[in-house]
Amino acid sequence: MLTVHAADAVHGTPDGADSVAVDGGVVVAIGEYGELTAARPQARIRRWSGLITPGLLNAAAPALLETAYHPDPREADELGTEPLTGDALTALAMDDARWGASARRGLQRMLRHGTTAVRGPFTRPAVRTAVARSGLRVHAPGPSAGPASLDPLASVPEPAGAFATALTVGGPADLAVFGVPDLAALRTEGAGSCVATVLGGRLVFRRS
């Protein structure tokens, strides 16, 4: 469906560009809201407050999904809400079903941080299945990501180093919206400031 995502600014575009038009899974235009909507009166409008950027790449995904357990909210009283590793993970009776459920919850948490792509490889079958079903793009293995974090910005000196791909006309409609005015503020606030994530043109996360 043709959609215009309008915010305060779009990173990496000329001054005044504040919107991205998406048709299906492809970016069809980037520019000023008035111009984009005038040319596409039938488009659905989604308004956001903040900065539109390319979606983020989490290079530490294998560690986050295959060496950590993401508790079910129903387990919060017993296990807390943060990922479990080390002795805490060893104490759990992990089987394929539990690894798969953990991975699905971990992937949802990644989407809440503006992530649209992850680095592989994934060796656990249940985790591979969860990643495939999530729709997240899977990139080839790369340099060490440093300490694993749900925030891809934590392992790079500048936010642009965590962008999964460029946001360009004709490219994939993978983008994130952060509740900040610019990259300097994004570096300070981190990816937890994400208010929306769009993957292949689909709104997969929206902060309530």
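Residues F205 and Q108 fail the side-chain proximity criterion, which asks for heavy atoms closer than 4.5 Å. Between V198 and T3 the shortest side-chain heavy-atom distance does not fall below 4.5 Å. Inter-residue side-chain proximity for R128 and P121 is flagged as unmet; no heavy-atom pair is nearer than 4.5 Å. By the 4.5 Å heavy-atom criterion applied to side chains, V4 and R44 are not counted as neighbours. Within the 4.5 Å cutoff, the side chain of L57 has no heavy atoms near those of the T116 side chain. Within the 4.5 Å cutoff, the side chain of R105 has heavy atoms near those of the Y69 side chain. For the pair H11 and P159, the minimum side-chain heavy-atom distance is 4.5 Å or more.
Both tests hold for R47 against Y33: distance to the six-membered ring centre under 6.0 Å, angle to the ring axis within 45°.
Judged by distance alone, with hydrogens and angles left aside, the side-chain atoms of T197 form no donor-acceptor pair with the main-chain N or O of R112 at under 3.5 Å. Between the side chain of N58 and the backbone N or O of A162 there is no donor-acceptor pair closer than 3.5 Å. Remark: the backbone N or O of A117 is not paired with any side-chain donor or acceptor of T115 at under 3.5 angstrom. Counting only distance, with no hydrogens or angles, the side chain of T90 and the backbone of G86 share a donor-acceptor pair below 3.5 Å. A donor-acceptor pair is defined here as one N or O able to donate and one able to accept, closer than 3.5 Å; such a pair exists between the side chain of D8 and the backbone of G50. No donor-acceptor distance shorter than 3.5 angstrom exists from the side chain of D174 to the backbone of L199, with no hydrogens or angles considered. Between the R207 side chain and the S193 main chain, a donor and an acceptor come within less than 3.5 Å of each other. The backbone N or O of E158 sits nowhere less than 3.5 Å from a side-chain atom of R187 that would complete a donor-acceptor pair.
By the criterion of side-chain heavy atoms lying less than 4.5 angstrom apart, applied directly or through intervening Ile, Leu, Val, Met, Phe, Trp or Tyr residues, L203 is grouped together with V22 in one hydrophobic cluster. Both L64 and F122 are part of a single hydrophobic cluster, where members link through side-chain heavy atoms under 4.5 Å apart. In the hydrophobic cluster analysis, where Ile, Leu, Val, Met, Phe, Trp and Tyr join through side-chain heavy atoms closer than 4.5 angstrom, V177 is grouped together with V20. Taking hydrophobic clusters as Ile, Leu, Val, Met, Phe, Trp and Tyr residues chained together by side-chain heavy-atom distances below 4.5 Å, L65 shares a cluster with V138. Hydrophobic cluster membership differs between F163 and L167, with clusters built from Ile, Leu, Val, Met, Phe, Trp and Tyr side chains linked at under 4.5 angstrom.
Heavy-atom neighbours of D95 CG from other residues, nucleotides or ligands within 6.0 Å: above the threshold of 12. E78 CD: 12 or fewer foreign heavy atoms inside a 6.0 Å radius.
Between A103 and V127, the closest heavy-atom pair is CB-CG2, 4.1 Å. Residue A148 comes nearest to A63 through the heavy atom pair CB-CB, 4.0 Å, listed as atom of the first residue, atom of the second, then distance. The minimum heavy-atom distance linking A191 with L56 is given by the pair CB-CD1, 3.9 Å. The minimum heavy-atom distance between G106 and L150, with the atom names listed, is O-CD2, 4.2 Å. Between T165 and P172, the shortest heavy-atom contact is CG2-CG, 4.3 Å. Shortest non-hydrogen contact noted between G100 and A130 is O-CB, 4.2 Å.
In summary, the side chains of E66 and T123 do present a donor paired with an acceptor at a separation below 3.5 Å, with no hydrogens or angles considered.
Atom NE2 in H70 sits 11.5 Å away from atom OG1 in T81 (nearest 0.5 Å). For the atom pair F178 CZ and L186 CG, the distance stands at 5.5 Å (nearest 0.5 Å). Taking CD1 of I30 as the reference point, atom CD1 of I52 lies at 9.0 Å (rounded to 0.5 Å). Rounded to the nearest 0.5 Å, atoms CG (L136) and CG (L111) are 5.0 Å apart. Note that OG of S102 and CG of L107 are 9.0 Å apart. Values are rounded to the nearest 0.5 Å. Distance check, rounded to the nearest 0.5 Å: OG1 of T53 to CG of D182 gives 12.5 Å.
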Exercise for the section: Could you walk me through whether L2 and Q42 pass side chain to side chain contact (heavy atoms under 4.5 Å, CB included), step by step? Expected result: CA-CA 8 Å; L2 182 60; Q42 76 279 24; 3.4 Å; yes
Practice task
With side chain to side chain contact (heavy atoms under 4.5 Å, CB included) as the test, would you mind laying out the steps for R104 and R133 before giving the verdict?
Solution key: CA-CA 9 Å; R104 289 191 292 274; R133 289 178 176 174; 5.5 Å; no
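Classification of R40 and E35 as a salt-bridged pair fails, no side-chain N sitting under 4.0 Å from a carboxylate O. One finds a salt bridge joining E75 and R98 here, because a Lys/Arg side-chain nitrogen approaches an Asp/Glu carboxylate oxygen to under 4.0 Å.
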